[in-house]
2 protein chains.
Amino acid sequence: METATLKNQASRFQELLEQRGLKCTYERKQIFDEVMHLREHFDADSLYERFKKRGLRISRDTVYRTLPLLLESGVVQKSAGAGHRDFFERIGIKGHHDHIICVKCGKIIEFQCEDIEKLQDKVCNDYGFKLSFHDHRLFGTCKECQ
Amino acid sequence: METATLKNQASRFQELLEQRGLKCTYERKQIFDEVMHLREHFDADSLYERFKKRGLRISRDTVYRTLPLLLESGVVQKSAGAGHRDFFERIGIKGHHDHIICVKCGKIIEFQCEDIEKLQDKVCNDYGFKLSFHDHRLFGTCKECQ
DNA sequence: ATCCTATTAAGAATTAATCTTAATTAGATA
DNA sequence: TATCTAATTAAGATTAATTCTTAATAGGAT
Ligand SMILES: [Mn+2]
Ligand SMILES: [Mn+2]
Ligand SMILES: [Zn+2]
Ligand SMILES: [Zn+2]
């Protein structure tokens, strides 16, 4: 199951590269592999730092340019975190989910709502859009902070 | 109707200030007034520039600090735009809506989906959150770009 | 093996947002 | 109304995040 997901996501990434006429470079493969090992949310710079620590010559810019490709191929999704960084996380076994964020204490809760996902598809369909990915964040006050 | 909305939003902003024990300063009033005149989406800096052009001494920082208050009081909502800026727009007569963005050409379409809004409320309720505002953006390819 | 073009590394530059400090002001109190 | 005090502000510096620039490298076709 896990292996199936990995294979599936690898091929989806490959397919996107092909479709766009993008080359399957060493760096893109490394970034894909590294992301597949991450279990928590992350940002571009922390991913870059991991390569730096391992002594791999992958530039910050390449990381920044590759993440949108992983987004669009469904390997990662938008996530939530502190500050104004872009956060990502791998779409693993638990699958896609969205986030509720407490504006007081910063607590983040993940939620899954199949009905919302379906409605999103419908909305996009209505407008002739092909949905690629989305970013859905609910901001409010958690029970403890109210 | 327009007047009613304006009055309503003004009092909601006032209420938030009171609730938080925040002072109703000249600057906050000016920013509220200026925002109420905007019909399109905008970012913090462009709002700041408007004051600068008019010769008003409102600092960039005050604009940045006031926008979250307008968000939380329901005067503005998160919007979408180019780049990594935070975009906002007034919740006017047309009411709240969300955005679909074409990843190829940047075209932005606004949509309203009452069912999604209701489901969001339900989700927050389930987790004991009091929903304050949200950011829902769908990224995909528009009809022309497919 | 050679070529052409896309991609990359490295670091500079830009951009967006936040922080610092001293001055100002709202609102409470006398 | 005058005085007081804590909150708020302006201005500009700083930090943080992302993108750009240039020259070198490498994928994949021929
Ligand atoms: Mn979702
Ligand atoms: Mn919405
Ligand atoms: Zn909280
Ligand atoms: Zn398009």
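Below, chains carry the letters A, B, ... as their sequence lines are ordered, and counting in each starts from 1. Both backbone and side-chain heavy atoms feed into the values below; hydrogens, waters and symmetry mates do not.
With rounding to whole Å, A:Q30 atom CD is found 15 Å from C:dA9 atom C1'. As rounded to whole Å, 16 Å separates atom C1' of D:dA7 from atom CZ of B:R20. To the nearest angstrom, P of C:dT7 lies 15 Å from CD1 of A:I58. In this structure, CZ of B:F88 is placed 13 Å from P of C:dA16, rounded to the nearest angstrom. Atoms CZ (A:R65) and C1' (D:dT21) sit 12 Å apart, rounded to a whole Å. The CG-C1' distance, from B:L56 to D:dT9, rounds to 14 Å in whole Å. In this entry the distance linking CZ of A:R28 with C1' of D:dA26 reads 12 Å, nearest Å.
B:Y64 and B:F88 are not part of a single hydrophobic cluster, where members link through side-chain heavy atoms under 4.5 Å apart. Connection of A:L38 to A:F87 is not established within any shared hydrophobic cluster, with ILVMFWY side chains joined at heavy-atom distances below 4.5 Å, either directly or through further cluster members. A continuous path of ILVMFWY side-chain contacts below 4.5 Å connects B:L6 to B:F13, so both sit in one hydrophobic cluster.
Rounding to the nearest 0.5 angstrom, the gap separating the OG1 atom in B:T66 from the CD1 atom in B:I31 is 3.5 Å.
Within the helix from C:dA1-D:dT30 to C:dA30-D:dT1, the inter-axis angle between the opening and closing five-pair segments is 40°, rounded to 10°.
Shown here for B:E72 and B:F133, the closest heavy-atom pair between the two residues is CG-CE2, 3.9 Å. Here the shortest heavy-atom pairing between A:H136 and A:F111 reads ND1-CZ, 4.4 Å.
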Could you go step by step and tell me if B:H84 and A:D86 meet the side-chain hydrogen bond (donor to acceptor under 3.5 Å, both in side chains) rule?
-> CA-CA 9 Å; B:H84 275 87; A:D86 271 349; 2.8 Å; yes
After noting the C-alpha distance and the side-chain angles of B:K122 and B:D126, does the key distance pass the salt bridge (charged side-chain N to carboxylate O under 4.0 Å, His left out) rule?
-> CA-CA 6 Å; B:K122 188 184 169 326; B:D126 291 349; 3.2 Å; yes
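Contacts between residues 66-76 of chain A and DNA chain D, defined by a heavy-atom separation under 4.0 Å, are absent.
Between B:D43 and the options B:R50, B:R60, B:K78, B:R85, a salt bridge (charged side-chain N to carboxylate O under 4.0 Å, His left out) holds for only B:R85.
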When you check every protein heavy atom under 4.0 Å of nucleotides 17-30 of chain C, what one-letter string (B, S, -) results, 5' to 3'?
-> BBB------BS---
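Put simply, B:T62 has a side-chain N or O that comes within less than 4.0 Å of OP1 or OP2 on D:dA10.
Under the 6.0 Å cut-off for aromatic ring centres, B:H96 and B:H134 qualify, their centroids lying closer than that.
Counted by atom type alone, A:H99 and A:E89 present one or more donor-acceptor pairs between their side chains at under 3.5 Å.
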